[in-house]
Number of protein chains: 2
Amino acid sequence: MSKETRKEEIIRVAAKLFKKKGFSAVTMRDLATKMGMKAASLYNHIDSKQAILQEIVIAIAEDFTSGMHIIIETKSNSIEKLEQIIALHVKIAIENADGLSALNSDWMHLESKLDYYLKLRQDYENNFRNIIENGIKQNEIKAVNPEVLMFSMLSTLRSLYLWIPKKEDINKANLLVNLNDILLRGVEN
Amino acid sequence: MSKETRKEEIIRVAAKLFKKKGFSAVTMRDLATKMGMKAASLYNHIDSKQAILQEIVIAIAEDFTSGMHIIIETKSNSIEKLEQIIALHVKIAIENADGLSALNSDWMHLESKLDYYLKLRQDYENNFRNIIENGIKQNEIKAVNPEVLMFSMLSTLRSLYLWIPKKEDINKANLLVNLNDILLRGVEN
DNA sequence: GTCTATACCTGGATAGAC
DNA sequence: GTCTATCCAGGTATAGAC
């Protein structure tokens, strides 16, 4: 990987601060201090605080979108597709936990890119719901309420970023097996 | 129920605003406008913006704590206790969706009550984990990773507030059956 | 590319009249 | 109990020297 630019560094550090306090509570002076510079100097690299949020959120939203497109084009059955969705969320949560926090908690502070973000999210959920509904039709998935199932899986998957950084003793493969079991196979003996 | 006081009304309206934009992005002037008064007038009823957050978050955290204490003192088996936890979260999410948003997203902005809140949450999770670990020992629950199971269930249950207000076509009994099935019995056919 | 200085605005909160 | 007026701290962002 090529060396991180100053702009990328600012975005990475900003995401970390946003995770801790939320977008609105982080000031440009906070960010500058963490970067070891003055607030005014930040503006040589980025246009505005808002632009930082956009870069973080939109990049990840597009990652999910392209990941989902790959999944819906495979010939896997529904359960396999759900497993691939789980893997997609785990991958992104491991790579970019801080950015996911902004995506999950601060998307409403997007200004010009808000509509675009909402469209990407809507499309993602529609694709997810289709996989579930197809699985039920094919008898691969139990006849539960598709909306409740999607909500339940997405809640867990969207919260992974909160939890993965704290559990370094659980490796990725192990986590995937556990999540597949718990989310898809149930826990009652 | 007795008539809502002006203070209670302010707290209720504040919770609704906090849900929409987050604690830090809501101004006392926003809140005053929604209340049909000037910002200065709010201070005849509440001490500070911080005090509003405290009232919202601590009240709900204590609801969860007392609910959990009732559950761990019943003689139910582990699966039944998990079902009771699900029911507790559904109940509170229906009663106070807006307050739950503050609890989940804005707890880090608590000042003097932060340590108390963190202790309540820690105790709650410890009790939850004990129920799971006991269930595995008693062979009532599959031998999954207890931490991943708790995380997964809590992620779904803590997100209910985001989702319940949008789905008025699903009634509470129906939702409980679906959540019990999905969270405990799995979805794979 | 970073600094100092600063413009300009909006935030939470208080004082005191009514 | 609500208002107007106001304080002052701190927010984002820009200008211009180095």
Side-chain angles (χ1 to χ4, degrees), chain A residues 2-58 101-102 105-114, chain B residues 2-58 98-99 101-102 105-114:
Chain A
S2 56
K3 196 157 160 278
E4 188 180 46
T5 66
R6 204 86 165 114
K7 177 176 174 179
E8 287 163 349
E9 190 185 355
I10 289 171
I11 290 173
R12 178 173 55 77
V13 172
K16 197 171 171 181
L17 288 173
F18 293 165
K19 182 180 180 193
K20 197 174 173 191
K21 304 206 290 175
F23 174 76
S24 301
V26 174
T27 72
M28 296 301 273
R29 296 195 233 269
D30 290 339
L31 176 54
T33 302
K34 285 276 180 196
M35 288 293 301
M37 57 171 67
K38 296 290 171 182
S41 307
L42 293 170
Y43 290 87
N44 275 293
H45 305 281
I46 50 93
D47 285 340
S48 64
K49 188 185 175 189
Q50 172 65 207
I52 297 176
L53 182 65
Q54 280 181 22
E55 295 235 26
I56 294 170
V57 174
I58 299 299
S101 173
S105 303
D106 291 315
W107 58 266
M108 72 283 277
H109 299 117
L110 287 172
E111 292 167 6
S112 62
K113 295 281 178 71
L114 178 60
Chain B
S2 56
K3 195 157 159 282
E4 187 180 46
T5 66
R6 204 86 167 115
K7 177 175 173 178
E8 288 162 348
E9 192 186 353
I10 289 171
I11 289 173
R12 178 174 54 77
V13 172
K16 198 171 170 182
L17 288 174
F18 293 166
K19 183 181 179 193
K20 197 174 171 191
K21 304 206 289 175
F23 173 76
S24 301
V26 173
T27 71
M28 296 302 273
R29 289 172 172 90
D30 290 339
L31 176 53
T33 302
K34 285 275 180 199
M35 288 294 299
M37 57 171 66
K38 297 290 172 184
S41 307
L42 293 169
Y43 291 86
N44 276 293
H45 306 281
I46 50 92
D47 285 340
S48 64
K49 188 184 175 190
Q50 172 66 207
I52 298 176
L53 182 65
Q54 280 181 23
E55 295 235 26
I56 295 170
V57 173
I58 299 299
D98 297 335
S101 173
S105 303
D106 291 316
W107 58 266
M108 72 283 278
H109 299 118
L110 287 172
E111 291 166 6
S112 61
K113 294 282 177 69
L114 177 61

**Prompt:** Hey, does the side-chain of A/Arg6 have a donor or acceptor N/O within less than 3.5 Å of a partner on the base of C/dG1?
**Reply:** no
**Request:** Can you tell me the distance, in whole Å, between the NZ atom of B/Lys38 and the C1' atom of C/dA13?
**Result:** 16 Å
**Asked** How long is the gap from CD on B/Gln50 to CD on B/Glu55, to the nearest 0.5 Å?
**Response** 11.5 Å
**Asked** If you check the B/His45 side chain, which of D/dT6, D/dG1, D/dT4 turns out closest?
**Response** D/dG1
List the atom pairs, with distances to 0.1 Å, where a side-chain N or O of residues 27-36 of chain A and a protein N or O form a donor-acceptor pair under 3.5 Å, not counting sequence neighbours.
unit_1  : atom_1 : unit_2  : atom_2 : d
A/Thr27 : OG1    : A/Arg29 : N      : 3.3
A/Thr27 : OG1    : A/Asp30 : N      : 2.9
A/Thr27 : OG1    : A/Asp30 : OD1    : 3.4
A/Thr27 : OG1    : A/Asp30 : OD2    : 3.4
A/Asp30 : OD2    : A/Lys21 : NZ     : 3.2
A/Asp30 : OD2    : A/Thr27 : N      : 3.1
A/Thr33 : OG1    : A/Arg29 : O      : 2.8

**Request:** Write down the distance between CD (A/Glu111) and P (D/dT12), rounded to a whole number of angstrom.
**Result:** 12 Å
**Message:** Just the rounded figure in Å: distance from P of D/dC7 to OH of B/Tyr43.
**Reply:** 17 Å
**Message:** Taking only side-chain N and O atoms of B/Ser41, does any of them lie within less than 4.0 angstrom of OP1 or OP2 on D/dG1?
**Reply:** no
**Prompt:** Would B/Ser112 and B/Gln54 count as having a side-chain donor-acceptor pair, cut-off 3.5 Å?
**Reply:** yes
**Item:** Rounded interatomic separation in angstrom, taking CE from B/Met37 and P from D/dT4
**Value:** 13 Å
**Request:** Between A/Ala40 and A/Ala25, just flag the one whose closest nucleotide in DNA chain D comes earlier from the 5' side.
**Result:** A/Ala25
**Message:** Please give me the minimum heavy-atom distance between B/Ala14 and B/Ile52, naming the atom from each residue.
**Reply:** CB-CG2, 3.6 Å
